[in-house]
Amino acid sequence: MQTVNRLIALREAVESLRADGEIALVPTMGALHEGHLTLVREARKRAARTVVSIFVNPTQFGPNEDLDAYPRRMAEDSRLLEAEGVDLLWAPTVEQVYPAGFATNISVSGVSEGFCGAARPGHFDGVATVVCKLFHHVLPDIALFGEKDWQQLAVIRRMARDLDLVQPHVERILGVATVREADGLAMSSRNQYLTPEQRSQAAALPRAMRAAIAQIEGGGDVAQALIALEQALLDGGFSSVDYAALADADSLEPLSLAPQRPARLLVAARIGTTRLIDNMAVAAR
Ligand code: PAF
């Protein structure tokens with residue numbers, strides 16, 4: 001596996017990989033876990049060559065968020081990617097991505113506004129801007145993202161559609177199913193912030209979500225199911241719930257009645273100072 005930190009070296013490396021066939025990109029912020037490695041394995045099945053980026057993107061963190069504390073483990077990440085057969089690791093510096101005087105922002109309205117967009121102002125502008133840049137750096141044929149960040153995936157697809165991105169074309173921006181721990185907790189780099197007690201309490205999140213989905217799919221009242229979900233989280237040790245909502249899977253329009261089209265149950269809740277997010281499919285009736 002080749003590792004490059006400068007754009008000029010990246011362009012050369014990508015050009016030589018392109019001679020072998022299609023290129024898949026897996027954008028990450030590092031601190032890799034099984035969820036990321038699942039994306040890499042899927043990428044390797046779908047393309048001749050796989051590029052992974054590791055960049056802790058400062059513009060998607062709010063002023064009081066965990067940018068400084070965000071885990072950085074380049075040596076270990078690099079070993080994991082090498083073992084997975086990744087061809088190229090793109091690990092740019094902040095100065096490479098945001099040169100002095102950087103003044104451009106991509107802001108996707110609509111899908112980015114509710115849920116995490118409302119709770120974390122500017123977050124999705126940072127995500128859209130950096131992902132657009134990473135796409136331009138690598139010009140991948142395929143890009144893969146975890147479905148755990150469902151809203152992020154919707155924002156990236158909207159951006160790709162609206163900006164007529166060719167590489168990757170919006171149809172080739174793939175979501176990969178969330179990878180879960182044995183107790184159902186979605187894998188996340190932020191799970192490592194949890195104390196052992198909080199870690200065991202965190203399993204209340206997928207449990208409460210499954211119960212709410214069973215209620216909604218069984219014809220129960222949506223508002224009641226969401227109230228019960230929030231209460232189960234608070235009873236289970238969560239300190240607060242940012243949102244618990246049912247939304248259309250594509251437009252992310254909130255739904256107050258049992259869905260007629262595929263929907264998603266979306267939740268963000270805090271356990272201590274750690275904010276966990278999750279989402280699950282809710283079948284249409
Ligand atoms: O999901 C992430 O890890 C990040 O938001 C991404 C897509 C790599 C952009 O920084």
Side-chain angles (χ1 to χ4, degrees), residues 5 10 24-40 42-43 50-62 65-74 76-78 80-81 86 88-98 102 104-108 111-112 115-117 119-138 140 142-160 163 165 168 170 172-179 186-193 266 268 274-279:
N5 312 100
L10 176 79
L25 171 66
V26 179
T28 81
M29 297 206 301
L32 303 178
H33 50 66
E34 201 53 31
H36 297 109
L37 301 183
T38 302
L39 295 177
V40 168
E42 197 58 41
T50 301
V51 179
V52 173
S53 63
I54 295 184
F55 179 64
V56 181
N57 174 36
T59 65
Q60 69 187 76
F61 289 79
E65 292 184 353
D66 56 345
L67 174 61
D68 293 336
Y70 199 83
R72 287 160 174 88
R73 295 196 308 242
M74 192 54 86
E76 193 183 329
D77 288 350
S78 177
L80 289 170
L81 295 176
V86 167
L88 179 62
L89 170 57
W90 170 221
T93 58
V94 174
E95 294 70 31
Q96 284 281 298
V97 178
Y98 298 112
F102 188 86
T104 302
N105 183 48
I106 297 181
S107 188
V108 179
V111 285
S112 75
F115 311 118
C116 284
R120 303 180 67 191
H123 169 68
F124 286 122
D125 287 14
V127 170
T129 304
V130 82
V131 169
C132 189
K133 292 200 61 150
L134 292 168
F135 285 173
H136 280 94
H137 294 161
V138 177
I142 306 171
L144 297 95
F145 297 86
E147 285 187 351
K148 174 171 165 287
D149 296 295
W150 188 267
Q151 190 176 12
Q152 166 171 283
L153 189 53
V155 169
I156 292 167
R157 286 192 168 127
R158 184 74 258 164
M159 171 193 71
L163 298 183
L165 295 192
V170 62
R172 305 202 72 195
I173 296 176
L174 307 179
V176 175
T178 303
V179 180
M187 287 196 186
S188 162
S189 304
R190 289 190 168 101
N191 291 351
Q192 61 192 270
Y193 297 156
L266 300 148
T274 304
R275 184 174 184 274
L276 299 179
I277 62 170
D278 201 351
N279 71 88

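Values in this document were obtained by computation on a predicted structure and should not be read as measured data. One-based numbering, in listed order, for ligands and for the atoms of each.
- When atom types are taken as modelled, the side chain of Asp77 and the backbone of Leu32 share a donor-acceptor pair closer than 3.5 angstrom.
- Here is the list of ligand 1 atoms found below 4.0 Å of a heavy atom in Thr28: 8 (C).
- Within the 3.5 Å criterion, the main-chain N or O of Ile106 finds a donor-acceptor partner in the side chain of Thr129.
- Residue Val130 approaches ligand 1 through these ligand atoms, each under 4.0 Å from one of its heavy atoms: 9 (C), 10 (O).
- Contact check for Met159 versus Val127: no side-chain heavy atoms found under the 4.5 Å cut-off.
- Near Gln60, meaning under 4.0 Å from any of its heavy atoms, are these atoms of ligand 1: 4 (C), 5 (O), 9 (C), 10 (O).
- In the vicinity of Gln152, heavy-atom distances shorter than 4.0 Å reach the ligand 1 atoms 1 (O), 2 (C), 4 (C), 5 (O), 7 (C).
- You'll find the side chain of Leu88 reaches within 4.5 Å of the side chain of Leu10, heavy atoms only.
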